[in-house]
Protein chains: 2
Amino acid sequence: MGLDRIIHEPARLRIMMILSGIESADFNFLLSTLGLTRGNLSRHIEKLESASYVKVSKTFKGKLPSTSYKITSKGAKALEKYWNKLDSIRQAGDFK
Amino acid sequence: MGLDRIIHEPARLRIMMILSGIESADFNFLLSTLGLTRGNLSRHIEKLESASYVKVSKTFKGKLPSTSYKITSKGAKALEKYWNKLDSIRQAGDFK
DNA sequence: GCAAACTTGTTTGCAATGCAAACTAAAAAA
DNA sequence: TTTTTTAGTTTGCATTGCAAACAAGTTTGC
């Protein structure tokens with residue numbers, strides 16, 4: 001079985017790693033941290049959400065909308081599995 | 001700077017890891033080891049070759065054509081860089 | 001000896017996806 | 001009240017992974 005494509009995409013892998021080490025992060029934090037365009041970030045998060053790897057919460061910060069993201073337990077497990085799989089490829093014990 | 005997309009693709013990452021641990025490998029060895037279709041393997045190798053990450057040698061084994069592949073020094077360096085980059089993402093020191 | 005099947009790959013065509021530009025909707029500024 | 005800013009979403013295009021179809025020979029069966 002192969003690598004989880006949802007996670008394998010570099011931008012999403014970074015998002016997952018950031019979220020795995022923090023309680024939650026909002027859109028602008030991810031935006032400036034990752035250096036993506038807004039559209040791009042939006043699409044990637046959408047994908048993570050539809051896989052139930054992150055949970056999205058929409059609130060207001062004052063009068064402006066603010067969206068924040070948390071990794072789910074499913075997402076955390078998938079992320080761990082991803083690294084394990086990658087390790088096995090790295091050992092190249094993958095093919096022997 | 002991002003991950004090398006040439007290497008990042010799982011099938012190609014596996015090819016590179018196999019080639020990095022062996023003198024050379026021929027088409028059928030890679031085929032059965034990786035479990036890809038012929039077409040798919042052909043395209044992936046083409047990509048690695050055009051990046052000068054692998055060198056292709058066409059010979060004959062008896063009367064049948066046989067193609068074998070070696071990793072280049074450029075390829076080996078790119079592979080090492082790839083893992084380093086991935087490690088930095090994994091430490092998530094990537095964003096702090 | 002000749003057609004059918006097998007080897008060893010390559011090329012083609014399509015569906016999926018990453019990416020940024022264009023758009024939307026509301027709030028703040030001028 | 002018009003303009004600009006904030007906070008994202010949607011759209012359109014170019015790229016790419018993938019397998020099916022093709023190609024160029026070789027071996028097998030009759």
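Chain naming here is simple, since letters A, B, ... match the order of the sequence lines and numbering starts at 1 in each.
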Does [X] use its side chain to pair, donor to acceptor, with the backbone of [Y] at less than 3.5 Å?
{"X": "A:Arg12", "Y": "A:Ile7", "value": "no"}
{"X": "B:Thr72", "Y": "B:Ser52", "value": "yes"}
{"X": "B:Ser20", "Y": "B:Met17", "value": "yes"}

Pull out every protein N or O sitting under 3.5 Å from an N or O of nucleotides 13-17 of chain C, one pair per line with the distance.
| from | atom 1 | to | atom 2 | distance (Å) |
| --- | --- | --- | --- | --- |
| C:dG13 | O6 | B:Arg43 | NH1 | 3.3 |

Tell me the interatomic distance from [X], atom [atom1], to [N], atom [atom2], rounded to whole angstroms.
{"X": "A:Leu30", "N": "D:dT9", "atom1": "CG", "atom2": "P", "value": "12 Å"}
{"X": "A:Phe29", "N": "D:dT6", "atom1": "CZ", "atom2": "C1'", "value": "19 Å"}
{"X": "A:Leu34", "N": "C:dC19", "atom1": "CG", "atom2": "P", "value": "12 Å"}
{"X": "B:Ile45", "N": "C:dT11", "atom1": "CD1", "atom2": "C1'", "value": "15 Å"}
{"X": "A:Leu3", "N": "D:dG17", "atom1": "CG", "atom2": "P", "value": "14 Å"}
{"X": "B:Ile6", "N": "D:dT15", "atom1": "CD1", "atom2": "P", "value": "13 Å"}
{"X": "A:Ile15", "N": "D:dG8", "atom1": "CD1", "atom2": "P", "value": "13 Å"}
{"X": "B:Leu41", "N": "C:dT8", "atom1": "CG", "atom2": "C1'", "value": "11 Å"}

Partner residues of A:Lys58 under the side chain to side chain donor-acceptor pair (under 3.5 Å) criterion, sequence neighbours left out: A:Thr67
Atom pairs under 3.5 Å, N or O on each side, protein against nucleotides 20-28 of chain D: can you list them with distances?
none

B:His44 vs D:dC18: side-chain N/O to OP1/OP2 distance below 4.0 Å: yes
D:dT9 OP1/OP2 closer than 4.0 Å to side-chain N/O of A:Ser42: yes
Set of ring pair (Phe, Tyr, Trp, His ring centres under 6.0 Å) partners for A:His44, sequence neighbours left out: none
Listed once per pair and sorted, the salt bridge (Lys or Arg N to Asp or Glu O under 4.0 Å) pairs that draw on residues 22-44 of chain B, sequence neighbours left out: B:Glu23-B:Lys70, B:Asp26-B:Lys61
Nearest-nucleotide comparison on DNA chain C, the residue closer to the 5′ end among B:Asn28 and B:Glu46: B:Asn28
Under-4.0 Å salt bridge between A:Arg5 and B:Glu9: yes
First of B:Leu36 and A:Thr67 reached from the 5' end of DNA chain D, by closest nucleotide: A:Thr67
Global bending angle along the helix from C:dG1-D:dC30 to C:dA30-D:dT1, which compares the axes of five pairs at either end, to 10 degrees: 20°
Side chains of B:Met16 and B:Val54 in contact at under 4.5 Å (non-hydrogen atoms): yes
Sugar-phosphate, base or nothing in reach of B:Lys61, heavy atoms under 4.0 Å: nothing
Joint cluster assignment, B:Val56 & B:Ile6, ILVMFWY side-chain distance < 4.5 Å: yes
Single-linkage hydrophobic cluster, 4.5 Å side-chain cutoff, A:Ile15 and A:Trp83 together: yes
From OG1 (A:Thr37) to CG (A:Leu31), nearest 0.5 Å: 8.0 Å
Parallel, tilted or perpendicular, as decided by the 30° and 60° cut-offs, for the rings of A:Phe27 and A:Tyr69: tilted
